There are 2 protein chains.
Amino acid sequence: MSERRARRTAPTSHDVARLAGVSQSTVSYVMSGKRSISAETRERVMAAIEQLTYQPNAGARALRGRTTHVIALMVRLGERADPRDTVPYIDTIVEAARERDYDVVLITTDEGPDGLKRMAGRQNCDAFILMDVAARDERIATAAALDLPVVLIGTPADRAGLDAVDYDAVAAAEALVDELADTGHTHAVVLGETGGVVPGEYWFLSAFHDACRDRAAARGLAFDAVHPDRPGWAGVDAAAPRLLAHRGERLGLIARTPQAAEWLLQLTRLHGLRPGADVSVVGVCSDAAAAAFDPPVTNVSAQARDVSRKAVDLLFERLGGSETEPGLHLIAPGELHRRATTAVFS
Amino acid sequence: MSERRARRTAPTSHDVARLAGVSQSTVSYVMSGKRSISAETRERVMAAIEQLTYQPNAGARALRGRTTHVIALMVRLGERADPRDTVPYIDTIVEAARERDYDVVLITTDEGPDGLKRMAGRQNCDAFILMDVAARDERIATAAALDLPVVLIGTPADRAGLDAVDYDAVAAAEALVDELADTGHTHAVVLGETGGVVPGEYWFLSAFHDACRDRAAARGLAFDAVHPDRPGWAGVDAAAPRLLAHRGERLGLIARTPQAAEWLLQLTRLHGLRPGADVSVVGVCSDAAAAAFDPPVTNVSAQARDVSRKAVDLLFERLGGSETEPGLHLIAPGELHRRATTAVFS
DNA sequence: ATGAAAGCGCTAACAG
DNA sequence: CTGTTAGCGCTTTCAT
């Protein structure tokens, strides 16, 4: 009766070396490609690796090579964040990291600066990406002192010399207002934040609203920004009188998020207005989500994937030793796509 | 001019030992508490740790102690998954792991079985949690052969001897149908899946629908399950005739997800029906989300947090060496909460 | 109650 | 082109 060992211990590079009849360091060099190996030796080693299904031990690698092949991603996951906004970032970051054979450890903003100190202090990771960066964010000073590459996603008041990537909310706002202006609208109303979000807490909120206001003024549209005082649909519903105050005129409604677009569609329908005929709804939204609405919503793309890719690219440049001046990298919105919810007035 | 060193090297337990005037192994024992230390020595060591802000090197620990303090969480993040359904699980798992000083590496289902082999082979983690477990899931056989603790979230056809945790979709369905039966309804209609989801791909889908059908039959309600043939709201809208076929009678609509509940509310409103008076809408949904709807929706709680906590608890029992028989652990829905959308008929 | 010392599995400098 | 060797920082015997 073949008794299976309780816990088979994993093969090491030494086992591979023995099987291939070479020294252990040769195995290491075959894997890293850091010195030239005769074709014949390489093949024997590769065969042994295959046969034993050898994989290098991550702990030993990290210890000796002082590189963990892990990046830490700090993100807000609780009730205060909309998962639909954050998951595309996470997904893309994990994907881009894996392409470089890096793994991603997920930590939450709840851990605050101490979480960063822990990960760096224990040498659990080689670099950080911080999401949900607020205008004043206590994590930034800690992160900047860490002596490890850090990329912020968002625009803080003070980058503290770190790289940052953000969506160009100003360009997005201008594209949306321009769409309304170009199609003969006379009034633009932007649906503001619905939760208890403090204005100015996040750069992109105030930047988006300010840019809407300024562009509307420049293009000669009357403008209003409506911030519901209750969260969720109930708040939007209650704000209907102000949102639709100018429903008799050539009114365009602006949504900063897919959720806002959905609420605005629902609102207009409920009040007997046909989006694309009596009123326009335009917003920031992925192209896929925009096309999936009924009716499809005129949008500029939110570019979560481009922002994330840029963040990972920057991070790996730093890991590769790049010493260029850190900066803020704004990702332009995609082209505006006119869909069914743009009403074209003479 | 004090030149700052380019890269300050992290303090080691050896540095702590020197500063405290003890041997390096004593530092280790102070940290692990695995042998008794005189109060005086402990204090000196602790002070040195404090002073140097020493943190143990994770790689060295993993190498020597053969335990990484990392669990790998494999989850579906792409377009096919609704982030609102998955993030509460992720959040709770990260939180529960951190309580035990474990970190969580996030990998995606896209990596498939090879992702599991990689993490286990390189000894990147001590254990696995697999989410989005389908009825037949190619990851399971691989996971079961891994010789590391694994907990599944979901109910596969074959657990292959692994632990699994799932929401009791049958109990949830029964509670919802009972609510309709108890309040005098004569017809129950459940909104089915809207994407291209293959029926039977996931246990909880078919289990929920089957349980609705069976309970409706047992309680004497006419029953229908409507599966829109287009995704999103458009599909629901198109299915309106069938969903509302019995609007003249005592009709109750059942939603398996918050998204479905939102669509059903929208649908009824659009067709001039008042939820809670002309028609009922009941569904599976977190209490918070249910209360936030307008009007608040009668619900049984989805218990994402309880499921996740149970999964992590099980995992750590296994990591602690528990040899009890692995099983499927069903988490009961919370009490049904009757809110504004239950219409009470005579 | 403490110290000394052996190695975990790997990388990279040094020696041919 | 390849082998030998010295650690990385820690946990854990073995010794006192």
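Note that the coordinates shown come from a computational prediction; the quantities given were computed from them, not determined experimentally. Proteins come first, then strands; the chains are lettered A, B, ... in the order of their sequence lines, and each starts at number 1.
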Report task. Hey, could you give me the CD1/CD1 distance between A:Ile129 and A:Ile90, rounded to the nearest 0.5 Å? Result -> 11.0 Å
Report summary line: Here the distance between atom P of C:dC10 and atom CD1 of A:Ile49, to the nearest Å, is 10 Å
Requested in this report: Mind calculating the distance between CD1 (A:Ile37) and C1' (C:dA12) to the nearest angstrom?
Outcome: 13 Å
Report task. Please determine, by modelled atom types, if B:Asp132 and B:Thr109 share a side-chain donor-acceptor pair under 3.5 angstrom. Result -> no
Query raised in the report: So, does B:Arg76 use its side chain to make a donor-acceptor pair with the main chain of B:Asp82 at under 3.5 Å?
Result: no
Requested in this report: State which residues pass side chain to side chain contact (heavy atoms under 4.5 Å, CB included) with B:Ser13; sequence neighbours excluded, sorted by chain then number.
Outcome: B:Gln24, B:Val27, B:Tyr54
Query raised in the report: Tell me, for nucleotides 10-16 of chain D in 5' to 3' order, what letter each nucleotide earns: B for a base near a protein heavy atom under 4.0 Å, S for only sugar-phosphate near one, - for neither?
Result: BBBBB--
Query - Stepwise side-chain contact (heavy atoms from CB on, under 4.5 Å) check, A:Val16 with A:Val30 - result: CA-CA 11 Å; A:Val16 174; A:Val30 166; over 6 Å; no
Report task. Could you state the atom-to-atom distance from NE2 of A:His69 to C1' of C:dG9 in whole Å? Result -> 15 Å
Query raised in the report: What ring-ring contact (aromatic ring centres under 6.0 Å, His included) pairs are there with at least one residue in residues 79-127 of chain A, not counting sequence neighbours?
Result: A:His69-A:Tyr102, A:Tyr102-A:Phe316
Report task. Nearest whole angstrom, please: distance from the P of C:dG9 to the CD of B:Gln123. Result -> 8 Å
Requested in this report: Between B:Leu63 and B:Ser38, just flag the one whose closest nucleotide in DNA chain C comes earlier from the 5' side.
Outcome: B:Ser38
